[in-house]
Amino acid sequence: MNWKVCILLSLWALPHFLKAQNSEASKYKAGFKTVSLVDESRVYKPFASVTDRLHYRPLDLDIWYPADETQDNPMLFQDLFQLFEQRTKIYQEETDYSGITEELAQFFVAELGVGTNGETLLQIPTNSFLGAKPVRKVFPLIVYMAGFNGMGFENYTIFEELAKNGFVVVSISSIGRYPGDMTNELEDTMEQVLDAEFAIDYLEKQMDLEINTSNIGVLGCSWGGMSAAMMVNRNPKIKAMVSLDGSETHYFGEGDNDTNLYANDATAEDNDQFIRTIHSRGLLDPESQVIKYLYMESGDKLSEFSPTEEFHYFKQLSSEKYYLRFRNSEHAHFTCIPAILNASPEAVINYGQIQRATVLFFKDVLLEYAGFKEYWAILELKENTTNRTYRLSLEEKNVNHSGGITLNGMIMDMKTKEPLPYVNIGILNGDLGTVTNDTGFFELDLAEGYNKDTLRISMIGYKSIELLVSELIANPLSLQVLLEEEISELGEVVVTAKAFKRKTLGNKTTAKFLSAGFSHNQLGAEMGIKINVRKAPNFVDSFNFSVSQNRLSTKTIFRLNFYKVEKGRPANNILRDNIFVTIDPKQTGLVRVDLRPYDIVLKEDVIVTLEWVDSEGENIKGEAIFFSLGLLTTGTLHKQSSQGKFKRLNNLGVGFNIDVRY
């Protein structure tokens, strides 16, 4: 599995509202058990000997089932969540993930804005009873296909309700090829499909539970919706499918907005191509399916980009089908964590409706229980829902990148005519930018779509200048820009004879798994935090941070910036000189930068950032560097290009801090 938080951000009992949302009396308790298997028809770890425990494909099933009355205490959420950490030791041998349970719990609580104590989540009681005595009766089977790198804990409350209403639910974790990282590639996605088929075969033969494996429903969440749809195309015993914001429907063209780096070092554009491969192989084939289908979609999916095209599974399906979009929902609302934490009224209401619709739909199709259509008719009339799919305006595609130019030139000091290294150049308030190299040279691709924008050139200690892109495109010559030095008067600081006190200000986290960083080609990108300065003056001795992961193959140069704070955002840079921080290839751990030679004195709050300005060589696509993240109420400020706007990651702050004397 990819156990890193950057691809766990999508993983989002309900004791106070479950009864209200499901008025039908539940017949049973929800029993829970795990089963560990090995599929000897598949090699898991390439080139491993047959005696290696990872030679064949390991498989862990999480099973919820109808159980008799029990006097035992129900499980806590941490009992389910800890399975995630335990299985990191089963599926790979390269990294020690001890402690990830606590870090992730703290992350979920902080990111959802419900405090800073991860125990708030871990100590939530479930309605699952470990090892409860199963009811001796034949029940239909629901196969759950977990979301990207996910597991059953992400939607366990739905499984409990299904078990209490007469279903056996088996959760298939999202685990790709060795070392387990799930990706959008066909080969990894197919591993989850084959895991599900192996699980069904096992459940047909086992004797502990009585299951009707000719009457199957499949439930998919997020990327699990894609593997669920692939499974439907391979198994005629599947009669019904429910998709929770599933990826079997996909909107292409998010590449310019999604700067994430995925488990296989893929970009969003790469992922689009991987999905096209699945489609081109005919592995979904919605036109031929006869299943009954329920698709519930999030309301914010297209809020940040305009698709170039779509593959809409629901629209292509000709069998009985139902669609609903939850207007005020986020993708995370299709998992139970925001709801069980009461993160927001919308999260609780949306998930309650999603859960009840799912249970009633499967009861309607697999148990011939009336009630779904009546509930669905009510749900369609709710203010927070609509049965209209997204209407794409494909004419409003991304900006036209034809007809542009590649702008290049030299930035020099006006007085000395010496080249200026690491000058910021970019579209003002945009996500396109770069920096000059160590000889003052730069190159920037400017498309015609930017001809109404402004190019800004700036550097510490110099006056900024702004140029119209339309004029630069009209006169595509090599550019020479002279920057005028900016003379600033230094404020007087009175130093008394009293002994100094010392303190560390900022975020001191050294977290191993919570991290944020830069991908291989983000020159000019920047991130940092606001540091509160409570006593003045503060004499800054050092800047400190922790590199949690470093896949870069070349030496990397960052610029340290100290910004004045205006309305919570970076304003003027208060430094008089460039301060560069060099990170060696693969270097990780704590880094300390001595700032005593720079005489930095702080009298008020400051925003401290690191800006990527150079690499001594070329980094390979897929390489990246990450810094530790931890709880910090002011969050992390970051921007993607040298002249872009800073955005905020709430609650989680990058681990930057300064040592001061006062």
Side-chain angles (χ1 to χ4, degrees), residues 5 7-18 20-22 77 81 104-105 107-115 120-121 124 126 144-162 174 219-225 228 242-251 294-304 314 322-361 375-376 378-380 382-390 649-651:
V5 165
I7 51 183
L8 288 173
L9 297 181
S10 63
L11 297 180
W12 309 112
L14 306 178
H16 53 284
F17 75 87
L18 275 180
Q21 63 173 297
N22 194 357
F77 180 78
F81 202 35
L104 287 180
F107 164 77
F108 284 131
V109 170
E111 186 64 14
L112 291 168
V114 292
T120 303
L121 174 61
I124 290 177
T126 73
Y144 176 69
M145 307 298 272
F148 206 85
N149 286 295
M151 282 176 49
F153 67 80
E154 66 195 25
N155 272 310
Y156 76 92
T157 63
I158 291 181
F159 311 154
E160 291 174 341
E161 288 303 302
L162 286 167
S174 177
L219 171 63
C221 177
S222 191
W223 188 246
V242 175
S243 178
L244 308 180
D245 212 21
S247 300
E248 72 277 17
T249 286
H250 182 71
Y251 304 97
L294 170 60
Y295 184 46
M296 292 178 281
E297 190 169 28
S298 62
D300 67 340
K301 189 173 289 185
L302 304 185
S303 61
E304 295 185 357
F314 173 85
Y322 303 87
Y323 172 87
L324 208 62
R325 175 157 48 94
F326 291 78
R327 300 177 189 270
N328 61 350
S329 68
E330 304 170 8
H331 187 61
H333 291 174
F334 289 78
T335 65
C336 68
I337 294 178
I340 66 175
L341 283 171
N342 285 312
S344 68
E346 293 80 14
V348 173
I349 292 170
N350 288 335
Y351 194 76
Q353 293 169 338
I354 290 166
Q355 176 166 295
R356 189 175 180 195
T358 299
V359 173
L360 288 176
F361 180 76
Y375 179 67
W376 192 253
I378 295 172
L379 206 52
E380 287 180 308
K382 297 286 187 181
E383 292 185 359
N384 66 317
T385 65
T386 177
N387 58 11
R388 296 182 179 180
T389 59
Y390 284 111
L649 174 66
N650 290 328
N651 301 313

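The first residue in the sequence is number 1, and the count goes up from there.
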For [X] and [Y], take the angle between the two ring planes, folded into 0 to 90°, and tell me which bin it lands in: parallel under 30, tilted 30 to 60, perpendicular over 60.
X	Y	value
Phe314	Tyr323	tilted
Phe153	Phe81	perpendicular
Phe77	Tyr156	tilted

Looking only at heavy atoms, what is the nearest atom pair of [X] and [Y], with distance?
X	Y	answer
Cys221	Asn155	SG-ND2, 3.8 Å
Asn149	Ser174	N-OG, 2.9 Å
Leu379	Ala357	CD2-CB, 4.2 Å
Cys336	Thr157	CB-OG1, 3.7 Å

For the residue pair His333 and Ser298, confirm or rule out a side-chain donor-acceptor distance under 3.5 Å. no
Taking atom types as modelled and ignoring hydrogens, do the side chains of Asn384 and Gln353 form a donor-acceptor contact shorter than 3.5 angstrom?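 Side chains of Asn384 and Gln353: pair found under 3.5 Å.
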Using a 4.5 Å cut-off on heavy atoms from C-beta on, say whether the side chain of Leu244 contacts that of Thr358. yes
Below 4.5 Å, heavy atoms only, C-beta onward: do Tyr351 and Phe334 meet side chain to side chain? no
So, taking the atom named [atom1] in [X] and the one named [atom2] in [Y], what distance separates them when rounded to the nearest 0.5 Å?
X	Y	atom1	atom2	result
Leu121	Ile337	CG	CD1	6.0 Å
Thr385	Ile378	OG1	CD1	11.5 Å
Ile349	Asn328	CD1	CG	8.0 Å
Ile340	Thr126	CD1	OG1	9.5 Å
Glu161	Ile158	CD	CD1	9.5 Å
Leu360	Trp376	CG	CH2	11.0 Å

Begin from the C-alpha positions of Phe159 and Tyr144 and carry the test ring pair (Phe, Tyr, Trp, His ring centres under 6.0 Å) through to its verdict. CA-CA 9 Å; Phe159 311 154; Tyr144 176 69; 4.7 Å; yes
Quick one: salt bridge (charged side-chain N to carboxylate O under 4.0 Å, His left out) partners of Glu297, sequence neighbours excluded?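 Glu297: salt bridge (charged side-chain N to carboxylate O under 4.0 Å, His left out) contacts with Lys301.
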Is there a donor-acceptor pair closer than 3.5 Å between any side-chain N or O of [X] and the backbone N or O of [Y]?
X	Y	value
Tyr390	Gly299	yes
Arg325	Met296	no
Ser222	Gly147	no

Residues that Asn387 engages under side chain to side chain donor-acceptor pair (under 3.5 Å), provided they are two or more places apart: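 Counting only residues at least two positions away or on another chain, Asn387 forms a side chain to side chain donor-acceptor pair (under 3.5 Å) with Glu380.
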